[in-house]
Amino acid sequence: MLYSNLSVNDAGHLCVAGIDACELAATYGTPLYVLDEDRVRQNCRTYVQAMKTYLPEGSYPLFASKTLCFKGIYPIVESEGTGADVVSAGEVATALAAGFPADKLFFHGSNKTDDEIAYGVRSGVGCFVVDNVDELATLAREARSQGIVQKVLLRVTVGLDPHTLAAINTGKVDSQFGVPIETGQALRFVRQALATEGVDVLGFHSHIGSQIFEATSFCDQVDRLLAFACDVRDELGYVAGTFNLGGGFAVPYVEADPRIDIAANIQAIATHLQSGCERNDYPLPRVLMEPGRSLVADAGLTLYSAGRIKTIEGYRSYVMVDGGMTDNPRYALYKSAYTVLNASRANAPADFACTIAGRCCESGDRIAEDVFIARPEHDDVIAVLTTGAYNFAMSSNYNRVLRPALVVIANGQARVAVRRQTIDDHLALEA
Ligand SMILES: *Cc1c(COP(=O)(O)O)cnc(C)c1O
């Protein structure tokens with residue numbers, strides 16, 4: 001099994017955190033998002049502990065809300081000691097509605113609206129991650145008008161593409177996120193921020209990408225960020241006390257993917273930062289990280305019912321499920337690989353070659369191509385693993401397919417955290 005929270009019971013059914021997946025499907029219907037709370041907690045603990053152990057005081061992870069934003073996630077991550085990064089008024093409001101402390105929110109976004117900025121300041125958001133000079137001016141004006149000094153991090157781009165290290169330069173300098181170091185704009189950005197009343201610059205933010213398997217990319221990022229921080233110190237006399245390294249650690253989606261040891265990677269990054277700081281006689285900054293996928297992806301799975309099963313002679317077989325790109329658009333967007341199991345026959349040999357297709361009128365609506373599962377019958381429960389990140393959050397109502405419910409499992413009990421959408425929910429928006 002890909003994950004230790006999966007098992008098979010006497011009935012031959014897949015179990016998640018000890019609960020029979022077929023029973024979950026029967027009780028709550030399909031498609032169904034399932035989240036193992038304990039797994040989320042363990043993932044948070046790994047980050048919190050490692051960052052506490054290896055990095056300066058005040059270093060901690062921020063849960064990247066965009067991966068899985070619903071009220072019920074916030075008390076879980078908060079009680080494990082994380083902050084949260086949010087990227088819209090909607091995510092701020094969801095976190096606050098769940099009782100998440102505003103001062104542990106970091107407000108991201110390359111195009112926050114003026115209303116969102118005003119709302120964030122008014123709500124006491126702890127820190128804005130300012131993306132550009134324009135935003136800086138609006139934010140500072142808003143902070144002054146509300147009579148506060150807003151803490152900020154300045155988002156810079158270090159010019160690193162973790163997936164194509166050979167083509168280092170152009171890829172990431174040319175981005176709609178942040179201000180590039182290479183063009184000299186980031187230095188001007190800092191100069192301007194330091195001269196702006198109403199904001200207090202805590203340090204810098206940079207995010208290099210997602211689904212990254214090695215610490216080397218983050219070490220390169222640290223090198224560039226530190227070099228920039230040294231330039232800023234030499235030019236402007238300002239020493240940054242916080243480095244926010246963004247998110248990006250990978251998770252295994254299929255057996256062939258490497259497993260990564262997050263704690264060991266954090267230690268490697270910490271050691272690298274420490275020696276860089278010593279070399280440059282730079283005071284060790286506290287470090288923030290923004291893991292998303294690596295906190296929640298492997299805690300989630302999606303259950304479907306197998307519908308029509310179709311064989312195109314000479315080509316392939318299709319198993320069609322009652323969801324698809326509406327609840328998981330990642331195959332359609334990125335051709336992402338997933339592990340699929342027949343949860344109703346988890347002990348049977350996985351010898352049926354098929355493509356798992358969704359129900360939308362779109363030939364790209366697939367969940368996995370050319371996978372092997374135990375030969376399904378109509379109404380078997382099909383489980384797709386590692387769907388905790390970027391699935392629920394990216395779901396849509398394409399074809400007027402309704403969004404699934406989300407159940408959270410804790411202490412051997414399932415609870416509905418988000419109920420299934422109804423057609424009335426949807427029609428209520430319309431005149
Ligand atoms: C997407 C994103 C994250 C989270 O990335 P993961 O790969 O899910 O860990 C963190 N910070 C920023 C700024 C992001 O855009």
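Both counts, for ligands and for their atoms, begin at 1 and track the order of listing. Since the structure is predicted, the reported quantities are computational estimates derived from the model, not experimental observations.
Among all non-hydrogen protein atoms, the one lying nearest atom 7 (O) of ligand 1 is S210 OG, 2.3 Å. Protein heavy atom in closest approach to atom 3 (C) of ligand 1: H207 CE1, 3.5 Å.
Checked by distance only, ligand 1 and R293 come closer than 3.5 Å through their nitrogen or oxygen atoms. At under 3.5 Å, not a single nitrogen or oxygen of P291, backbone or side chain, sits near a nitrogen or oxygen of ligand 1.
Which of P61, G248, S294 comes nearest to atom 6 (P) of ligand 1 through a heavy atom is settled by distance: it is G248. With E290, M289, K66 as candidates, the residue nearest to atom 13 (C) of ligand 1 on a non-hydrogen basis is E290.
Contact annotation: the side chain of V384 approaches that of Y304 to within less than 4.5 Å [non-hydrogen atoms, C-beta and beyond].
Below 4.0 Å from some heavy atom of D85 lie the following atoms of ligand 1, by number and element: 10 (C), 11 (N). The contact set between ligand 1 and R155, taken as ligand atoms under 4.0 Å from a residue heavy atom, comprises 13 (C). Every atom of ligand 1 is numbered from 1 in the order shown, and the set under 4.0 Å from a heavy atom of H108 is 13 (C). Per-residue contacts place T67 under 4.0 angstrom from the following atoms of ligand 1 (heavy atoms of the residue considered): 8 (O). For ligand 1, the atoms sitting less than 4.0 Å from at least one non-hydrogen atom of G292 are 6 (P), 8 (O), 9 (O), numbered in the order shown with element in parentheses.
Side-chain contact of R420 with Y28: a donor-acceptor pair under 3.5 Å is absent, judged by distance alone.
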Indicate every side-chain donor-acceptor pair of residues 239-251 with a distance under 3.5 Å to a residue at least two apart or in another chain.
from, atom 1, to, atom 2, distance (Å)
T242, OG1, R286, NE, 2.9
N244, OD1, G246, N, 2.9
N244, ND2, E290, OE2, 3.0

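Residue L341 forms a side-chain contact (heavy atoms from CB on, under 4.5 Å) with just one option from L385, I382, I373, and that option is L385.
Under the side chain to side chain donor-acceptor pair (under 3.5 Å) criterion, Q42 pairs with D38, not counting sequence neighbours.
Between E235 and R188 there is no salt bridge, since none of the side-chain N atoms of the basic residue sits less than 4.0 Å from a carboxylate O of the acidic one. A salt bridge does not link R366 with E362: none of the charged nitrogens is closer than 4.0 Å to a carboxylate oxygen.
Taking the six-membered ring wherever Trp is involved, the centroid distance between the rings of F204 and F228 falls below 6.0 Å.
Heavy-atom separations between Y390 and ligand 1 include at least one value shorter than 4.0 Å.
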